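Just below is one structure, and these are the notes that go with it.
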Amino acid sequence: MKKWFTAVFYFAAITILTAQNAKPVIWTTAVEKLSEQEFYLIAEANIDPGWQLFSQNATENAAVPTAFTFDDSNGDFTIIGNTQELEATERTNAVTHATYFVFSGKAVFKQKIKLTAPSKKINAFVEYTIEDKNKNNSTQETDLLFDMTSATASHSSKELVKANMKTAPKDSKGLWSIFILAFLSGFAALLTPCVFPMIPMTVSFFTKQSKNKALGIRNAVLYGVSIIVIYVLLGTIVTAVFGAGALNALATNVWFNLMFFLLLVVFAISFLGAFEIVLPNSWANKVDTQADRGGLIGLFFMALALAIVSFSCTGPIVGTLLVQAASKGGIAPVLGMFGFSLAIALPFALFAAFPGWLNSLPKSGGWLNTVKVVLGFLELALAFKFLSQADLVAQMHLIEREVFLAIWIAVFGTLSLYLFGKITLLHDSPINHISIGRLSLGMVVLAFTLYMVPGLFGAPLNLISAFPPPQNYSESPYGVGGGQQALSTEAATELPDGAHLIAPHNILAFDDYDKGMAYAKSVGKPVMIDFTGWACVNCRKMEQNVWPKPEVLEMLKNKIVLISLYVDDKRPLDTNKIVESQLNPGKQLKYIGQKWSEMQTIKYKANSQPFYAIIDHQERNLIKPIAYTPDSDEYLLWLQSGIRNFKN
């Protein structure tokens with residue numbers, strides 16, 4: 001009996017141990033050497049048949065996406081970019097219709113790093129969700145060890161290097177918006193007195209001076225290409241001189257925003273007719289001399305001559321575009337100049353190919369100056385956007401929401417009067433009547449002006465939510481008179497320590513990380529960290545267009561604790577809180593925004609805003625963080641998943 005009991009005991013123990021060690025996913029690691037400092041950390045997941053592993057880009061409600069955390073606490077290395085993965089299989093949940101991505105059989109992930117000090121090993125861990133054939137999910141964590149001494153120049157799995165690797169999707173809408181804005185600005189520049197008359201003159205030159213039509217078309221096309229090259233070269237120089245990172249930082253710098261404000265005001269006054277911004281005549285004369293050489297060089301200098309001669313009209317537009325692109329950083333200035341020059345170059349090539357189209361062009365006249373004046377008003381309105389950003393970042397409360405809207409109402413109201421012919425400027429032709437086009441544009445501008453008026457009394461103004469200061473940065477955050485949402489003094493005193501309410505939604509929020517975490521623990525709720533900025537356009541869009549949606553607002557108010565960290569907060573830190581930067585040793589973090597910006601970079605390997613993360617009380621991610629998400633349904637699913645994972 002005793003032997004039988006012993007045998008059963010050992011059999012049961014072996015069965016339990018075997019079951020515990022049977023893992024559906026086995027992880028292996030390797031290191032690939034790219035240079036003396038740069039390496040790829042490669043993690044490979046071998047997945048048992050009947051199981052699937054959710055990718056980093058999974059959006060399925062019940063799944064925690066695969067997420068890697070690399071221990072860089074010793075400062076031996078820096079992370080470069082996001083973790084890449086082999087392309088996953090797209091699936092759709094038959095019930096929720098949510099799209100998600102999974103791996104079967106094998107999954108491979110690569111993370112590029114740069115060593116800043118000798119290191120023999122790098123520790124990491126991966127959090128992931130697996131699912132069996134019965135749709136049962138399990139979230140697991142596994143420690144990973146990368147042996148740097150075993151790094152090879154070419155990993156045995158060469159397909160990893162050549163495979164179609166991809167990272168978590170990034171928001172490219174900002175660059176597209178720059179390109180589209182630049183393209184439309186190029187067409188606007190065409191309709192100015194400096195450029196429009198040049199179209200028939202230049203096309204006529206090509207068609208008359210060329211031996212045949214084909215040669216004329218070729219020369220016109222090369223002329224257009226030269227225009228594009230000149231402006232793209234300008235964008236490239238701006239990017240190279242300032243650097244992508246520096247350009248991006250300009251958007252939150254008070255002094256640069258003030259400089260941009262003054263610059264755009266000068267451009268606006270120039271367009272309104274007070275003076276012209278011109279380059280030295282000697283430049284144009286020297287370029288004209290080179291243009292007579294003929295051939296490709298002559299065509300290039302003809303294009304350069306156009307850029308110089310038309311600078312009084314195109315210069316302010318180009319300057320404005322470069323200012324806008326500067327806030328995006330990266331290749332935005334190059335892309336902006338490409339879109340602008342493409343719009344200018346296209347008509348020359350097209351009209352050279354089809355000279356008969358010239359007969360359909362409207363004749364030059366006073367309407368060209370009208371276009372220039374309209375652009376001047378738009379420049380003036382945009383200028384106050386930069387003044388508002390400087391005020392927001394410095395928290396001076398000089399250009400609050402009502403003041404900004406009052407200025408815009410005055411600018412666009414005056415523009416509507418100008419379009420209706422009630423106001424004339426210095427270079428305007430006498431007006432006996434106004435055209436249908438001018439009347440229509442005037443009515444559109446007047447309607448836009450009237451649309452902004454309720455904003456003075458608390459209306460959200462969703463159409464322009466990215467431009468005015470947020471509603472809580474206002475003389476009357478809850479509208480004139482306060483309305484039903486206004487807080488009494490008694491209610492305000494009941495707020496937790498360090499908390500405030502975000503108007504007009506009444507969302508309880510903290511701007512102090514430690515106080516927010518302490519409150520979340522006391523009430524048993526997960527935390528949503530909102531990395532935001534006073535000068536962040538997309539942050540305002542999220543707060544004005546996505547957060548007010550009823551289901552989203554209910555979760556933000558009742559299901560989580562919101563901690564909003566402003567990375568461009570220029571207020572100084574208390575003396576006892578000033579610390580040395582981990583990213584830039586020897587440099588001190590003196591401002592509140594610097595502290596939160598470095599926290600986002602180190603912890604989440606991201607530096608763009610808005611950026612949202614849902615974490616538990618141990619500061620672990622409950623779901624993969626997301627950036628700008630204008631789709632309210634997608635944002636709601638993300639919130640629901642994070643809160644559900646906290647409960648589980």
Side-chain angles (χ1 to χ4, degrees), residues 54-67 82-83 85 87-103 127-129 131 137 139 166-177 460 462-463 465-466 502 505 507 509 525-533 536-564 600 604-606 608-616 621-648:
F54 285 84
S55 84
Q56 297 178 101
N57 305 321
T59 56
E60 168 64 18
N61 291 354
V64 174
T66 298
N82 297 326
T83 303
E85 64 179 32
E87 190 165 4
T89 303
E90 182 175 341
R91 301 281 174 83
T92 302
N93 187 298
V95 178
T96 64
H97 303 292
T99 300
Y100 59 105
F101 301 87
V102 296
F103 297 100
E127 183 181 20
Y128 57 95
T129 298
E131 183 178 81
N137 287 2
T139 300
K166 68 176 184 179
T167 61
K170 294 184 178 180
D171 178 29
S172 60
K173 294 180 181 178
L175 291 177
W176 273 111
S177 65
N462 290 335
L463 288 179
S465 58
I502 297 180
H505 313 311
I507 301 173
K525 294 180 181 179
V527 170
M528 186 179 88
I529 302 178
D530 165 30
F531 288 100
T532 183
C536 171
V537 171
N538 284 341
C539 301
R540 302 294 84 77
K541 288 181 179 179
M542 290 293 294
E543 293 163 8
Q544 298 295 326
N545 300 334
V546 177
W547 286 12
K549 301 298 180 183
E551 291 180 298
V552 173
L553 186 58
E554 195 275 333
M555 290 197 166
L556 293 176
K557 293 177 70 173
N558 302 316
K559 302 296 183 181
I560 65 171
V561 174
L562 175 64
I563 302 178
S564 294
Q600 182 188 2
Y604 297 101
K605 311 300 184 289
S608 62
Q609 293 79 43
F611 188 84
Y612 307 103
I614 300 179
I615 63 175
D616 61 15
N621 287 338
L622 294 168
I623 190 172
K624 188 179 181 63
I626 61 172
Y628 176 59
T629 309
D631 186 330
S632 58
D633 292 333
E634 182 181 347
Y635 191 74
L636 176 62
L637 285 175
W638 177 79
L639 281 173
Q640 290 172 335
S641 299
I643 294 170
R644 184 184 301 111
N645 292 333
F646 176 78
K647 293 178 179 178
N648 293 337

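As the structure is a prediction and not an experimental result, all values here were calculated from the model.
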So, for Ile623 and Ser641, which heavy atoms are closest and what is the spacing to 0.1 Å? CD1-CB, 3.4 Å
Nearest 0.5 angstrom please: Ile563 CD1 to Ile615 CD1, how far? 6.5 Å
Measuring from atom CD1 of Ile529 to atom CD1 of Ile560, what distance do you get when rounded to the nearest 0.5 angstrom? 10.5 Å
Supply the atom-to-atom distance Leu636 CG to Met555 CE, rounded to the nearest 0.5 angstrom. 5.5 Å
Test of understanding: with side chain to side chain donor-acceptor pair (under 3.5 Å), list the residues that count as partners of Ser564, not counting sequence neighbours. Asp530
Could you tell me which non-hydrogen atom of Lys549 sits nearest to which non-hydrogen atom of Ser632, and how far apart they are? CG-CB, 3.7 Å
Restricting to non-hydrogen atoms, name the atom on Pro65 and the atom on Gln56 that form the minimum distance, rounded to 0.1 Å. CB-O, 3.5 Å
How many angstroms lie between CG in Asn645 and CD1 in Ile614, if you round to the nearest 0.5 Å? 9.0 Å
Apply salt bridge (Lys or Arg N to Asp or Glu O under 4.0 Å) to Asp616 and list each qualifying residue two or more places apart in sequence or on a separate chain. Arg620
Thr532 and Arg540: CA distance, side-chain angles, deciding distance, side chain to side chain contact (heavy atoms under 4.5 Å, CB included) verdict: CA-CA 9 Å; Thr532 183; Arg540 302 294 84 77; 3.4 Å; yes
Heavy-atom pair of closest approach, residues Asn621 and Ala613: OD1-CB, 4.4 Å
What distance separates Ile507 CD1 from Leu556 CG, expressed to the nearest 0.5 Å? 4.5 Å
For Glu554, check side-chain contact (heavy atoms from CB on, under 4.5 Å) against everything at least two apart and list the hits. Asn558, Lys559
Which heavy atom of Phe611 sits nearest to which heavy atom of Pro625, and what is that distance? CZ-CB, 3.4 Å
What's the separation between atom OG1 in Thr66 and atom CZ in Phe101, rounded to the nearest 0.5 Å? 13.0 Å
For Glu127, give me all partners under side chain to side chain donor-acceptor pair (under 3.5 Å), at least two apart in sequence or on another chain. none
Please name all residues satisfying side chain to side chain donor-acceptor pair (under 3.5 Å) with Tyr635, sequence neighbours left out, ordered by chain then number. Trp547
Which heavy-atom pair separates Thr629 from Ile626 by the least distance, and what is that distance? OG1-CD1, 3.4 Å
